[in-house]
Novice: 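Have a look at this one before I ask anything.
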Amino acid sequence: MAADQRRPKESPADEIGRLRALVAHHNRLYHELDTPELPDGEFDALVRRLRELEADHPELASADSPSSSVGGAVSATFAPVVHAVPMMSLDNAMDADELSAWGERLVRGLDGSEAQLVCELKIDGLAMSLRYEAGVLVHAATRGDGRVGEDVTANVRTIADVPERLPAGAPEVVEVRGEIYMPVSVFDALNREATEAGDRLLVNPRNAAAGSLRQKDPSVTARRRLSMWAYQLGEVVGGPEIASHHEALEFIASLGFPVNPEVRVVEGLDEASALCRHWQEHRHDLDYDIDGVVIKVDGLAQRAALGHTSRAPRWAIAFKFPPEERTTRLLDIQVSVGRTGRTTPFAVLEPVFVGGSTVTMATLHNQDQVRLKDVRPGDLVVVRKAGDVIPEVVGPVLSERPDGLAAWEFPSVCPCPVESVLERAEGEADTRCVEATCPFQRDQRIIYWASRGAMDIEGLGERTVAQLTAAGLVADVADLYALTADHVESLEGFARVSAEKLVGGIDGSRGRPAWRVLTGFGIKHLGPTAAQSLATALGGVREVLEASEERRAEVAGVGQVISASVSDWWSREAHRDLVDRLDHHGVDLSVSEGPSVSDLPATLEGRAVVVTGTVPGHTRESAQAAVLARGGTAPGSVSAKTYALVVGDGAGASKLTKAESLGIPVVSADRFDELLESGEIPT
Ligand code: IVH
């Protein structure tokens, strides 16, 4: 960080002092106030640095260093509960080397003998201890500082996963521990409701779960629909003999608690490592957040032999995934304009490496989202990039906000050179540029025409389109077909070969099937699927456009709304003109089915494939069209009849959850082509 580079070199004592204050501050924000400001990864890095320094400088050790406490202190609002058995923390391994180092320590600690291990998901929620006496829940306590937690019984009683009573024969006293979490689908739903109501958004599921447990009114907690995975026993009086962790989990399940189905008993660290890699890749396949994999020694006798340090057991380690949230500076908020004039605010960020790539821009969706998140240019912001999902700004770090930072105002004019007026219609979330001649909209329309899901013209991307329009060579998609290699060669970055290649690509698109031409117009509501149905039923481009509204609406999968939108588009003179000019430039408007459709094997004949999110290289519509082209159907929702669910970027969790509950195979976007090709579910 730039600030670190400017800081004069600190003495170890100074650095330790600074880090202790920083860790204590963020620890309090996280554990007591439920308002974390640092992503977990950055907080962990601070603690690790502090521990490193303290290990190198034992003379600077201090009993009250926050590095040795395991969490927050007890907050004043809820009654304290002393844990009968302390709730410990876990040591972390940040990579494969640290994991092997733990494995070696294990072997040494067990005098060379092998240990059977259990791998569990590290649920990103809140640790909870539930105490039952005579089979009845007597209290639910947070971890607090590990020794004393907070009594949140009234709130926890509202959680459906937490039994109020245990089955007959339960031990006299039993403490069951686990993680309380908010399912991602619930988090998404609550945030959708908050957006509609204009309320502040929940930051992430963990934070939302913590806030929900801290409610004074349990009915508020109840509405947050929290869940639990149980993973440990605390004090047990009068229970069965248990020799291993997996037996403990079986016992916990027999008492009626949800135990995570992904728990695996493994023979060695290699197998455990493979599971860590698997879950790092598949963490977003689940309806709950995980931030790592916990590896635990199974045998309780071996655990006792290994013992623990002041804060964490030696018999367990948390393999942590690389962070998906980081902080960075919000340099500016700008607005982009789409082909229909819809504007989208986006964040311009100081580059930050997060979720596996460097992020410099992130969407802010719309005006209300900017307001609800209250992000301002100049803020330090938390950026999240989860899996393949597009990066987003989670929110500002308020404590770091520079004084006098002004709230961002949505611009009143379009950022294009024409500076046309932006309008937001009553009741709409989007602000639009309503000037049809807006050059930004024009460029986007041309880009869309050339995109894979429409005319599929290689090499005609954003930059080239901007060059062509700026040079006055192209004003609409018909002009593309009048371009020569000489024209293109005059543009910066082009030589003869590349110019000829582009013109060749444009030329090749003259024979595309009608559905692609129709899709390329970008008519509201008319995606490739409906365009294909129309072209199959009615013939060429003109036949579709000139058909009566009733006739089009009769075509299966089309209906009134799409048909009316086509009529509206076709009623404009400029659009009739455009079609004439395309015709004139030799674009074949009569190809009702192209070879790309008819020559494809019907690998998905009669099979329903649901596509959610975007599949790289496709628009949602073109992915659906690809399924149709292979004889399948592409419905919008998952049902028992669904053959497969394809999950792409930015997919919400609800379809996935439903597919999982119905046992429908889930195919990741990068295996989509295999599914199309063979019709089989890729394994
Ligand atoms: S075992 C002594 N198992 O991670 C071992 N913890 O960083 C105590 N956590 O406080 C914890 N998933 O809140 C364990 N499967 C899992 C877990 C898990 C999440 C949390 C828990 C704990 C924290 C330590």
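Counting starts at 1 for both ligands and their atoms, following the listed order.
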Novice: Quick test of your reading of the model: are E660 and K658 salt-bridged, counting only N-O distances below 4.0 Å?
Specialist: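 Salt bridge between E660 and K658, a charged N being under 4.0 Å from a carboxylate O: no.
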Novice: Can you tell me which residue and heavy atom of the protein come closest to atom 5 (C) of ligand 1, and the distance to 0.1 Å?
Specialist: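 Scanning the protein heavy atoms, the shortest distance from atom 5 (C) of ligand 1 goes to L90 CD2, 3.7 Å.
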Novice: Can you tell me the protein heavy atom closest to atom 22 (C) of ligand 1 and the distance?
Specialist: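 The answer is R143 NH1, 3.9 Å.
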Novice: Within the structure, is a non-hydrogen atom of L121 found at a distance of less than 4.0 Å from ligand 1?
Specialist: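 Distance cut 4.0 Å: L121 passes for ligand 1.
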Novice: Ignoring hydrogens and geometry beyond distance, is a side-chain donor-acceptor pair present between H284 and E324 at under 3.5 Å?
Specialist: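 Per modelled atom types, H284 and E324 side chains form a pair under 3.5 Å.
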Novice: Which residue and atom name correspond to the protein heavy atom nearest atom 12 (N) of ligand 1, and how close is it?
Specialist: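 Of every protein heavy atom, I123 N, 3.0 Å lies nearest to atom 12 (N) of ligand 1.
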Novice: For atom 14 (C) of ligand 1, what is the closest protein heavy atom, and at what distance to 0.1 Å?
Specialist: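 It is Y231 CE1, 3.4 Å.
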Novice: Answer side chain, backbone, both or neither: which part of R177 comes under 4.0 Å from ligand 1, heavy atoms only.
Specialist: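 For R177, no heavy atom sits under 4.0 Å from ligand 1.
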Novice: How far is atom 1 (S) of ligand 1 from its nearest protein heavy atom, and which residue and atom is that?
Specialist: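 Of the protein heavy atoms, K296 NZ, 3.4 Å lies nearest.
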Novice: Nearest to atom 15 (N) of ligand 1 by heavy atom, E120, M88, M128: which?
Specialist: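 Nearest option to atom 15 (N) of ligand 1, by heavy atoms: E120.
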Novice: Among protein heavy atoms, which sits nearest to atom 7 (O) of ligand 1, and what does the distance come to when rounded to 0.1 Å?
Specialist: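 For atom 7 (O) of ligand 1, the nearest protein heavy atom is K122 NZ, 3.3 Å.
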Novice: Does a side chain donor of either T363 or E392 reach within less than 3.5 Å of an acceptor in the other side chain?
Specialist: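 E392 and T363 do not have a side-chain donor-acceptor pair below 3.5 Å.
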Novice: Establish, from distance only, whether the side-chain atoms of D298 and H245 form a donor-acceptor pair under 3.5 Å.
Specialist: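 On atom types as modelled, these side chains do not qualify, holding no pair under 3.5 Å.
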Novice: Can you say whether the rings of Y181 and W229 are parallel (under 30°), tilted (30 to 60°) or perpendicular (over 60°)?
Specialist: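 The arrangement is parallel - the two ring planes meet at less than 30°.
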Novice: Using a strict 4.0 Å cut-off to heavy atoms of P313, name the atoms of ligand 1 that fall inside it.
Specialist: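 Near P313, the atoms of ligand 1 are 2 (C).
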Novice: Pairs of nitrogen or oxygen atoms closer than 3.5 Å, one from V294 and one from ligand 1: do any exist?
Specialist: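 No, no N or O pair falls under 3.5 Å.
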Novice: Give a yes/no verdict on a cation-pi contact between K216 and F78, requiring under 6.0 Å between NZ or CZ and the six-membered ring centre and an angle within 45° of the axis.
Specialist: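 Yes, a cation-pi geometry.
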Novice: Would R311 and D91 pass as an ion pair if we require N to O under 4.0 Å?
Specialist: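 Here R311 pairs with D91 in a salt bridge, since their nearest N and O are under 4.0 Å apart.
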Novice: Can you see whether Y231 engages E120 through a side-chain donor-acceptor pair at a distance of less than 3.5 angstrom?
Specialist: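 Side-chain D/A pair, Y231 to E120: absent.
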Novice: May I ask whether A316 has any heavy atom positioned less than 4.0 angstrom from an atom of ligand 1?
Specialist: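 A316: no contact with ligand 1 (<4.0 Å).
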Novice: How about Y132 and F257: are their ring centroids closer than 6.0 Å?
Specialist: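 When the ring centroids of Y132 and F257 are compared, they turn out to be within the sub-6.0 Å range.
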Novice: Out of curiosity, is H308 lining ligand 1, as in a heavy atom under 4.0 Å away?
Specialist: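 No, H308 has no heavy atoms under 4.0 Å from ligand 1.
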Novice: What protein heavy atom sits nearest atom 13 (O) of ligand 1, and how far away is it?
Specialist: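 Looking only at protein heavy atoms, the one closest to atom 13 (O) of ligand 1 is E179 OE1, 2.8 Å.
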